[in-house]
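Below: one structure, written as structure tokens.
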Amino acid sequence: MVVGLSAGSTAAAPGAVSTTDESSITNLGEPVRKAQTLSSAIGETPDGTPLGYYVVSGNPNTNAEFTVMNLRTNENVLQTRVPYGNSSQRTLGKSPVDGTIYFATSDVSHLYRYQPGDTEIEHLGPAPEGQRVWSVAVGPDETVWFGTYPGGRLYSLDPDSGDITDHGQALEGEQYIGSIFPDGDTVYVGTQPNARLAEYDRNSGDFTEIALPEDHSGDKITALDLRDDLLFVSTTDMHVMDVTTGEWVDRLSGANARVSPISPTDPDAVYLRLNGEVTRYDLSTGELTGTGKSPNATPESWGWVDLDGTGPWLALTYWRQGRTYAWNLETGEGSYQVPDLMGAGAPLISLGAGPLGNIYAGAFLSPPGMGKYDPDGEGFELLNGTSQVEGFGTFGDDLVFGRYPQGYLYRYDPSQPWDYRTNPPSPLRIGDDQNRTKAFVELDAVPGTVAIASVPTTGQHGGAITHWQPDEGTHQVYRDVVENQSPVSLVQHDGLLFGGTSIEGGYGVDPVTDEAVLFAWDPVSTETLWSEVPVPGASTVSGLAMDDDGHLWGIADSRTVFEFDLEAKETIRTIDIDPDAGIDRYGDDNRLLFDEGRLFGSAASQLFVLDQITGEVTTLYGGDDGPRVQELARDRYGDLYIIGSSTRLLRYTMPDDTTAPEVSAEPASSKSRGAAVLWLRADDDTDDDPAIHYRVDGGDWTEYDGSRPVVVKRGETLEYRAIDDAWNSSQVQTYSQSS
């Protein structure tokens, strides 16, 4: 249960926010930059000039980029930032009639058009309110179709009038339309999180689900490609359906998503990447023939272009750096090009401190890797190959961390040079449908083991605690430690592991529970001992940290700090950081950190220090309408690090002073009818005027102004303490007046 506790003062009520200057903040820059082109295509101008089209992700500070490259000259013919939106989720479609390009941004969804040969893009306007564009395709009548999240709805855009028509949700329970293929009066759509296939009848306006093969697996349909009468459906494998009979006629294991358009010189041939090799698929016989071409790239798009006047070349684009490959299949000649893209700083999603006190930053959907900051070095070091890192921890003298979306676990020796696949060696995969690692704790009660909190894959509930033995390369997964919730924060105390949860599962599924909990986990018996709701109604409990008294502190709903008594299993008090702040899905970027008895935190988009006595909150950076603040880590010198404005690593330089003031109560010369009359004094080595707070008989804390003594009547108890400008607090002293 929650127990209310008054922790206020006349000068600063509990949770009240005051702001210091930002002179202690240093903007260290962007640890990771990347050129990510999830949306791309191959095409031609009306005169046959081959072009590559690339929609390059930006970040919250930098809008998305649209670049067009001449594939013959390697020169950019257009490069611009879009006016709205910074990311795309494979949202580019090319007209089969004249090659016009349509694309959308996905975060702040807006629609755009580019006609080959133009010198600028055309802004068509925003997507329907409340929807994010997740897929785009253009039909043979030039109608533009797009699917959305979170409604899982299908829309069409009239290219002449600009009118948008809502055709409704494709399939109940499906939040994403991630793939579309229009074919006359039929539009095929693929969904997520349950990888379902449907056809939309433009005449009746009805969606009809198409049953996938019994051996189908996967949680999303990544791509749909209709070639003659064969529909290629890309999920975990590629399945092929004859649309004239409705029969599934083929299954291609090891195939990457997407197949090429039909060869302009071979009407039975399309190409795909199968087990790493570009492979011909015969539309008449299903025969597979390798080409000997094995690019280190999964295709984002395929196309046929004439690069040099010798005839058609088969080309593909890749999402990393817009890398573009092409082959003349007649001559065997190949081409490899990397467009000159502006790119942008990668949004940072995790921070961690290594065993040597360096700071590590994981970035969203990254390659190129994660960033390392050595406080004694010069700038950042890019540690390549890790992709999106979620969650850091230590194991002895090593750094451990996890990778999304595979749920990989890595161990890295920071005393040796980074050498991906050697140091760290090849990772271990959690499995059991876990893909986001949120917290790592090396267990005291189970030597040689790291406990990991994780969130399940798309469309599922049932997060897990995993016990990982890095030396042996073994692990055990325990799902549903709290049924239908996801553990997102861990801390250990007296041999037990305490965790906080989110009611959310993987993306694409709604919560089935109402309140996040604290829970106790016995790592020896591998049992959940108890769970309690620390803050009623909260959907996340995260940022867990233990104080010296054995009380557990945490953050609820990304905006409220609570103190929890583990023995009584009850909340002692709650302190609002910002009651109007938004709630993060998992809350795992909210942190609390004890340093020399001081409590620092990152929540409600601010870095703050919390006075554990009065409950006063002092904002050190962020808050109000300032830049977004998330995560919190500490280097070997005790300085604090946060993510600011999504892409930047910021350092807060801590005061050198870690010594608390001395405080005393001195009797005044006057007396008051049996009451004690006391002057409160405080001395500090660096602060000439440390603050003193006091309260009588458990009342509100009051800041002592020194103008008059404190009167303590018979039977009353005075509590008092001093705190300096480096937030070092003395112990609470008491004085009781008994006579």
Side-chain angles (χ1 to χ4, degrees), residues 38 89-91 106 131-137 145-154 167-183 186-200 206-227 230-243 246-259 272-274 298-300 319 365 404-407 429-436 455-462 504-510 512:
L38 294 183
Q89 293 291 329
R90 299 179 170 93
T91 56
S106 298
Q131 297 296 310
R132 300 170 63 184
V133 178
W134 225 252
S135 54
V136 174
W145 299 87
F146 61 95
T148 67
Y149 164 82
R153 306 183 76 83
L154 179 67
H167 301 280
Q169 185 178 25
L171 294 169
E172 185 177 357
E174 297 300 282
Q175 294 185 332
Y176 300 79
I177 291 180
S179 53
I180 304 173
F181 197 96
D183 178 42
T186 300
V187 181
Y188 297 97
V189 298
T191 71
Q192 188 181 343
N194 297 301
R196 296 161 69 188
L197 176 65
E199 59 180 7
Y200 174 72
D206 295 331
F207 290 94
T208 302
E209 185 167 5
I210 300 172
L212 290 168
E214 292 183 0
D215 59 356
H216 162 264
S217 64
D219 57 21
K220 63 182 175 181
I221 295 179
T222 305
L224 296 171
D225 296 292
L226 183 64
R227 304 293 184 249
L230 297 182
L231 182 66
F232 293 80
V233 180
S234 297
T235 60
T236 303
D237 294 324
M238 184 179 286
H239 299 270
V240 186
M241 184 181 76
D242 186 328
V243 297
E247 295 181 357
W248 295 98
V249 297
D250 211 343
R251 174 186 178 184
L252 304 173
S253 296
N256 296 123
R258 302 174 184 84
V259 299
L272 63 145
R273 187 173 182 263
L274 182 66
T298 55
E300 287 297 328
W319 70 270
L365 289 181
Y404 168 86
Q406 298 86 357
R429 188 167 192 165
I430 295 177
D432 282 84
D433 298 318
Q434 303 297 301
N435 69 353
R436 294 180 188 269
V455 173
T457 57
T458 300
Q460 293 198 34
H461 287 291
E504 300 282 355
Y507 279 81
V509 63
D510 293 326
V512 295

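Nothing here was measured: the structure is a model prediction, and the numbers come from that model.
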Just jot down the side chain to side chain contact (heavy atoms under 4.5 Å, CB included) partners of [X], sequence neighbours excluded, or say none.
X    : result
R429 : Q406, Y408
P213 : D215, H216, H239, W248
S253 : D237, R251
T148 : Q131, F146, R153, Y155

So, using salt bridge (charged side-chain N to carboxylate O under 4.0 Å, His left out) as the criterion, who are the partners of [X] when residues are at least two apart?
X    : answer
D219 : none
R227 : D225
R273 : none
D433 : R479

Can you give me the closest heavy-atom contact between [X] and [Y], atom names plus distance?
X    : Y    : value
T236 : S217 : OG1-O, 3.0 Å
V189 : A170 : CG2-CB, 4.0 Å
A223 : S179 : CA-CB, 3.7 Å
L154 : I177 : N-CD1, 3.7 Å
L212 : A195 : CD1-O, 3.0 Å
R90  : L38  : CG-O, 3.2 Å

Side chains of L197 and L224: closer than 4.5 Å at any heavy-atom pair?
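A side-chain contact exists here, since the closest heavy-atom pair is under 4.5 Å.
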Do V233 and M241 have side chains that approach each other closer than 4.5 Å (heavy atoms only, starting at C-beta)?
no
Please name all residues satisfying ring-ring contact (aromatic ring centres under 6.0 Å, His included) with [X], sequence neighbours left out, ordered by chain then number.
X    : result
H461 : none
Y188 : none
Y404 : none
W134 : Y149, Y176

Any sub-3.5 Å donor-acceptor pair from [X]'s side-chain atoms to [Y]'s backbone N or O?
X    : Y    : answer
Q460 : V455 : no
S106 : Q89  : yes
Q175 : P193 : no
T458 : G508 : no
S234 : T222 : no

CA sep, side-chain torsions, deciding dist, call: D242, L230, side-chain contact (heavy atoms from CB on, under 4.5 Å):
CA-CA 5 Å; D242 186 328; L230 297 182; 4.3 Å; yes
Strictly by modelled atom types, are E174 and T191 linked by a side-chain donor-acceptor pair under 3.5 Å?
yes
Could you walk me through whether V259 and M238 pass side-chain contact (heavy atoms from CB on, under 4.5 Å), step by step?
CA-CA 10 Å; V259 299; M238 184 179 286; 3.7 Å; yes
Gap between atom CZ of R258 and atom CG of L272 - 0.5 Å precision:
12.5 Å
